[in-house]
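Step one of this worksheet: look at the structure below.
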Amino acid sequence: MFSQRYGYRPVRQAIQLESMDERLKNSLWNCLEDHYWMPDNHTRTLHSYTDLSQICETLWRNYFAHPVDTLPRGWHETRAKLRTFFFSAAQWFQVYDLIEFVAANDNSKFAIARPIVFRQDVNEVLEREMSGYRFVGEFITPITFQTEIDEIESAMTGKEQSVTDHLHSALNLLSDRNDPDYPNSIKESISAVESLVKSTLGTEKGTLGDLLKELERRTPLHPAYKSALSSLYGYTSDEGGIRHGKSDTDRQVTFEEAKFMLVVCSAFVNYVRGTIGI
């Protein structure tokens, strides 16, 4: 998409941290549909669905804190109330509360594995839609934090256009919901660091490893910091040639790795800028 390719979509929209767009909300509702909600039937009473009746009564008592005698008898009416809350009343964090609560209160004796499969399917949705949260065990937990978003945004606002372009490309490749490209996202992240160091030293030649040695001579770069970046650079070179845009690795490069590299490289860009005053 144009907005993704050229960086017009803000980082906070690309990585959904304290928000939830329509695609993500729809997909989470579909998970509930697939695993818990029965077909909308005007004639069936709620209590004709044993597991569903138990879950809804628990929702009424302990999630909504409604009087239990306001729980509709018909599944059609109950489903309509749940849908209205989910799509019209719930804030983004209340949607996550509901998803977590339903899985935690599934006590079915006939579908013991259902909450496990449900959480797995929810995690697939959360990754695909670039949510900053995942089920870790029984709890929905942030895997992206505000400080990480701030690092990326700050790194993208510098005056070195090549650095900004690489970071935008890394984010866009990471957040493409239809065809994410994690290896090339990593390549673009490390290329942003390489570009910044070359710009700082006024050269177009040399590997990042060699350039970091020269940068260390000119700025108070801590040896451990330099060593860490050199190791990450070696990782991008060794993992099936990620730094050269190859993706024929022996194993799948994950979202978590690509996000980690984007955050770390953004932080290093900000560190160098702050150290040398650019």
Side-chain angles (χ1 to χ4, degrees), residues 9-37 55 58-59 61-65 82 85-87 89-108 111-155 170-177 180-182 185-186 189 228 232 235 251-267:
R9 189 169 57 149
V11 180
R12 293 166 199 269
Q13 292 180 15
I15 302 175
Q16 301 190 63
L17 185 58
E18 294 185 352
S19 62
M20 182 177 291
D21 67 12
E22 185 177 7
R23 276 184 53 142
L24 175 54
K25 185 175 283 191
N26 289 345
S27 297
L28 291 173
W29 177 262
N30 289 340
C31 286
L32 289 168
E33 285 279 325
D34 291 342
H35 294 277
Y36 291 102
W37 301 163
I55 289 172
T58 305
L59 279 168
R61 287 180 183 274
N62 301 326
Y63 180 80
F64 296 114
L82 290 170
F85 170 76
F86 192 94
F87 285 105
Q91 298 187 60
W92 66 269
F93 51 86
Q94 292 174 304
V95 171
Y96 286 130
D97 285 344
L98 181 66
I99 294 288
E100 188 179 275
F101 186 91
V102 168
N105 288 277
D106 181 359
N107 298 316
S108 172
I112 297 174
R114 181 169 57 186
I116 297 173
V117 178
F118 173 67
R119 293 183 184 109
Q120 290 171 346
D121 286 354
V122 167
N123 273 351
E124 289 181 8
V125 165
L126 297 177
E127 178 170 343
R128 185 187 72 225
E129 300 303 326
M130 283 296 292
S131 167
Y133 303 88
R134 298 286 188 277
F135 261 116
V136 179
E138 297 182 358
F139 302 102
I140 294 177
T141 303
I143 61 161
T144 299
F145 297 90
Q146 188 62 52
T147 52
E148 296 176 331
I149 298 292
D150 291 343
E151 287 290 352
I152 298 170
E153 288 184 330
S154 178
L171 176 65
N172 293 334
L173 290 164
L174 175 70
S175 62
D176 187 327
R177 300 184 188 183
D181 188 343
Y182 302 141
S185 176
I186 290 175
S189 293
L232 285 175
Y235 155 77
R251 62 174 182 79
Q252 288 292 104
V253 177
T254 66
F255 165 85
E256 285 74 18
E257 288 175 275
K259 189 208 75 170
F260 170 79
M261 286 297 295
L262 177 57
V263 172
V264 167
C265 290
S266 295

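Partners of Glu100 under the salt bridge (charged side-chain N to carboxylate O under 4.0 Å, His left out) rule, at least two apart in sequence or in another chain, do not exist in this structure. With sequence neighbours left out, the salt bridge (charged side-chain N to carboxylate O under 4.0 Å, His left out) criterion links Glu33 to Arg79. Considering only residues two or more places apart in sequence or on other chains, Glu124 meets the side-chain contact (heavy atoms from CB on, under 4.5 Å) condition with Asp121. In terms of the side-chain hydrogen bond (donor to acceptor under 3.5 Å, both in side chains) criterion, residue partners of Tyr36 (sequence neighbours excluded) are, by chain and number, Asp106. Under the side-chain contact (heavy atoms from CB on, under 4.5 Å) criterion, Phe101 pairs with Thr58, Leu59, Asn62, Tyr63, Asn105, not counting sequence neighbours. Residues forming a side-chain contact (heavy atoms from CB on, under 4.5 Å) with Phe87 (at least two apart in sequence, or on another chain): Lys25, Asn26, Trp29, Arg83.
Counting heavy atoms from C-beta on, the side chains of Ile186 and Leu174 never come closer than 4.5 Å. With a 4.5 Å cut-off on side-chain heavy atoms, Arg23 and Gln16 do not count as touching. Using a 4.5 Å cut-off on side-chain heavy atoms (C-beta onward), Met20 and Glu129 make no contact. The side-chain heavy atoms of Leu171 and Ile15, taken from C-beta on, include a pair separated by under 4.5 Å. Two residues are said to be in side-chain contact when any heavy atoms from C-beta on lie closer than 4.5 Å; Phe85 and Gln94 meet this criterion. At a threshold of 4.5 Å between non-hydrogen side-chain atoms, the residues Gln120 and Asn123 do not count as touching. Contact of the Leu262 side chain with the Glu151 side chain is not registered, since no non-hydrogen atoms from C-beta on lie closer than 4.5 Å. Residues Phe118 and Asp34 fail the side-chain proximity criterion, which asks for heavy atoms closer than 4.5 Å.
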Side chain to side chain contact (heavy atoms under 4.5 Å, CB included) assessment of Tyr96 paired with Leu126:
CA-CA 11 Å; Tyr96 286 130; Leu126 297 177; 3.7 Å; yes
Cys31/Ile99 under side chain to side chain contact (heavy atoms under 4.5 Å, CB included): CA gap, chis, key distance, verdict:
CA-CA 9 Å; Cys31 286; Ile99 294 288; 5.6 Å; no
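Between Glu127 atom CD and Glu256 atom CD the span is 6.0 Å, to the nearest 0.5 Å. The CG atom of Leu32 sits 9.5 Å away from atom CD1 of Ile55, with the distance rounded to the nearest 0.5 Å. In this structure, OG in Ser266 is found 10.0 Å from CD1 in Ile149, a value given to the nearest 0.5 Å. With values rounded to the nearest 0.5 angstrom, Leu82 atom CG is found 7.0 Å from Leu98 atom CG. In this structure, CZ in Arg119 is found 9.5 Å from CD1 in Ile140, a value given to the nearest 0.5 Å. Glu257 CD to Lys259 NZ: the interatomic distance, rounded to the nearest 0.5 Å, is 12.0 Å.
Residues Ala111 and Ser108 approach most closely at N-OG, 3.0 Å, considering heavy atoms. Contact record, Met261 with Ser189: O-CB, 3.9 Å, taken as the closest heavy-atom pair. Nearest approach of Tyr182 to Pro180, heavy atoms of both residues: CE2-CB, 3.7 Å.
Proximity of a side-chain donor or acceptor of Ser185 to a complementary backbone N or O of Asp181 within less than 3.5 Å is not detected.
Residues Trp92 and Tyr133 bring their aromatic ring centres within 6.0 Å.
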